[in-house]
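Comments concern the structure below.
Residue numbering restarts at 1 for every chain, and letters A, B, ... go by the order of the sequence lines.
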Amino acid sequence: MNASYIHGLIGGALIGLAAVILYAFNGRIMGVSGITSRLLTQRGQDTWWRLAFVVGLVLGGWILKRWMNLEIVLNASVWGLIVAGLLVGYGTVLGNGCTSGHGICGIARLSKRSMVATACFMVAGIITVFLRRKLGL
Amino acid sequence: MIISAFISGLIMAAGLTISGMIYPSKVIGFLDVFGQFDATLIFVMMGALIVAGIGFKLMALMPKPVLCNAFDCPKKTALDVPLILGAIIFGVGWGLIGFCPGPAIVGVGLGLPQALYFTIAMLVGMFIAKQTERK
């Protein structure tokens, strides 16, 4: 059991707590892709809480960077980021969820759809990384 | 409703940050099953699923959410092609960099330019998918 795993457990518990709060109070599944995509394309009463959630994510990052004095180094080409972003954006809407929506909320609710979706995106991710390593990308 | 959603967003940002999931290298480490494997993401899921699993079980006893009239959760139960195809496409994009929607948006707050490029492209991808969605 190393420090990274312990941080993972604690951080994971907080992610679970965030999901429980949104469902207990707002009655909504905490799927970041769903919240973001609907914020982008739908207008109505729900726009406000969705915006508040996304602002919470961004502001949370802003606060934590200062508080924890975080430094993140990421080597990624702009093209790589654009292609990855397009695929993630398109895929999460087509598949109706992402790691938080399917991977956490869906599995916690014992949804068969979410379990299958999660297995699919994990296998796809694993194969992608494997091929990238093999091809030196 | 707005305050609870905002708080959920803040706590989600904290969870993603403390767990290390905002670092694409940690995510790629998990996906690098045949290489330099980092099991941290498994522990993140364990922590999240324990809390959410218990939470959803308890919430099933609630007649309605605290601040509105009804729980709103996905109705579909059948497995279909969009679900599986979408998940695969998402997984490929995830494996290219190591960002998924949550960490990317938190990354914007962290001031990472790469997170911003990714997020903008992600929004474009979402928009395209929404346009072609069958109602």
Side-chain angles (χ1 to χ4, degrees), chain A residues 4-5 8-9 11-22 24-28 32-33 37 41 48-49 52-53 56-58 60-62 64-65 74 76 81-82 84-95 98-100 104 108-109 116-117 120-121 124-126 128-130 133, chain B residues 1-2 4-6 8-15 17-19 31-35 40 43-44 47-48 51-53 55-56 59 65-68 71-72 82-84 86-97 100-102 105-106 108-110 114 117-118 121-122 125-126 129-130:
Chain A
S4 180
Y5 297 164
L9 266 177
L14 287 173
I15 292 170
L17 177 63
V20 169
I21 288 174
L22 195 67
F25 285 84
N26 295 36
R28 298 305 189 109
V32 181
S33 65
S37 62
T41 58
W48 294 110
W49 73 259
F53 178 81
L57 281 182
V58 176
W62 191 85
L64 287 161
K65 172 156 166 78
L74 175 58
L81 290 162
I82 290 173
L86 285 170
L87 290 173
V88 167
Y90 188 86
T92 52
V93 169
L94 183 64
C98 59
T99 43
S100 52
I104 306 296
R109 292 172 56 238
V116 169
C120 286
F121 64 67
I126 287 168
T128 299
V129 171
F130 177 74
R133 294 272 183 263
Chain B
M1 292 262 288
I2 289 176
S4 49
F6 177 67
S8 171
L10 286 178
I11 294 176
M12 175 63 162
T17 304
I18 290 168
S19 65
L31 295 172
D32 199 6
V33 169
F34 303 106
T40 302
F43 287 87
V44 181
V51 172
F56 276 100
M59 289 188 284
V66 175
L67 299 173
C68 61
F71 289 107
D72 183 9
L83 179 80
I84 292 170
I88 290 171
I89 292 170
F90 162 48
V92 173
W94 193 36
L96 284 179
I97 299 284
C100 61
I105 295 172
V106 175
V108 172
L110 293 167
Q114 297 96 328
Y117 304 144
F118 178 93
M122 181 181 78
M126 286 179 166
K130 282 287 184 187

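With a 4.5 Å cut-off on side-chain heavy atoms, B/Met12 and A/Leu22 do not count as touching. At a threshold of 4.5 Å between non-hydrogen side-chain atoms, the residues A/Thr41 and B/Met126 do not count as touching. A/Leu86 is not listed as a side-chain neighbour of B/Met122, based on a closest heavy-atom distance of 4.5 Å or more.
In this structure, chain A has heavy atoms under 4.5 Å from both the backbone and the side chain of B/Thr40. Both the backbone and the side chain of A/Ser37 come within less than 4.5 Å of a heavy atom of chain B. Using a 4.5 Å cut-off between heavy atoms, A/Val116 touches chain B through its side chain atoms alone. Looking at A/Leu94, the atoms closer than 4.5 Å to chain B (heavy atoms on both sides) sit in the backbone and in the side chain alike.
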Worked check of side chain to side chain contact (heavy atoms under 4.5 Å, CB included) between B/Val44 and A/Ile15: CA-CA 8 Å; B/Val44 181; A/Ile15 292 170; 3.9 Å; yes
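When each of B/Val66, B/Thr17, B/Val108 is scored by its heavy-atom pairs under 4.5 Å with chain A, the top score falls to B/Val66. The residue among B/Leu31, B/Ile97, B/Val51 with the most heavy atom pairs within less than 4.5 Å of chain A is B/Leu31. Each of A/Trp62, A/Phe53, A/Trp48 has some count of heavy-atom pairs under 4.5 Å with chain B, and the biggest count is that of A/Phe53. Put simply, of A/Gly16, A/Ala117, A/Ser33, A/Gly85, the one with the most heavy-atom pairs under 4.5 Å next to chain B is A/Gly85. If you tally non-hydrogen atom pairs under 4.5 Å between each of A/Thr92, A/Thr99, A/Ile104, A/Leu74 and chain B, the highest count goes to A/Leu74. Ranked by heavy-atom pairs under 4.5 Å with chain B, the list A/Cys98, A/Gly27, A/Cys120 is led by A/Gly27. The most heavy-atom pairs under 4.5 Å with chain B, out of A/Leu17, A/Leu81, A/Leu14, come from A/Leu81. Among A/Gly60, A/Ala19, A/Ala84, the residue making the largest number of heavy-atom pairs under 4.5 Å with chain B is A/Ala84. Per-residue counts of heavy-atom pairs under 4.5 Å with chain A were compared for B/Ile84, B/Ile88, B/Ile105, B/Val33; the largest is that of B/Ile105.
Listed by chain and number, the residues in a side chain to side chain donor-acceptor pair (under 3.5 Å) with B/Ser4 are A/Asn26 (sequence neighbours excluded). Every residue meeting the side-chain contact (heavy atoms from CB on, under 4.5 Å) condition with B/Phe56, not counting sequence neighbours, appears here in chain and number order: A/Tyr23, A/Ile29, A/Cys105, A/Ala108, A/Arg109, B/Ala52, B/Met59.
Taken to the nearest 0.5 Å, the CG atom of B/Leu96 stands 13.0 Å off from the CD1 atom of A/Ile82. Rounding to the nearest 0.5 angstrom, the gap separating the CD1 atom in B/Ile2 from the CH2 atom in A/Trp49 is 11.5 Å. Note that CG of A/Leu57 and CD1 of B/Ile11 are 11.5 Å apart. Values are rounded to the nearest 0.5 Å. The line from CZ of A/Arg28 to CG of B/Leu67 is 12.5 Å long, rounded to the nearest 0.5 Å.
For B/Ser8 (side chain) and A/Ala18 (main-chain N/O), a donor-acceptor pair under 3.5 Å exists by modelled atom type.
Within 6.0 Å of CZ on B/Phe6 lie more than 12 heavy atoms contributed by other residues, nucleotides or ligands.
Note: A/Phe130 and B/Phe34 have perpendicular aromatic rings, judged against thresholds of 30 and 60 degrees for the angle between ring planes.
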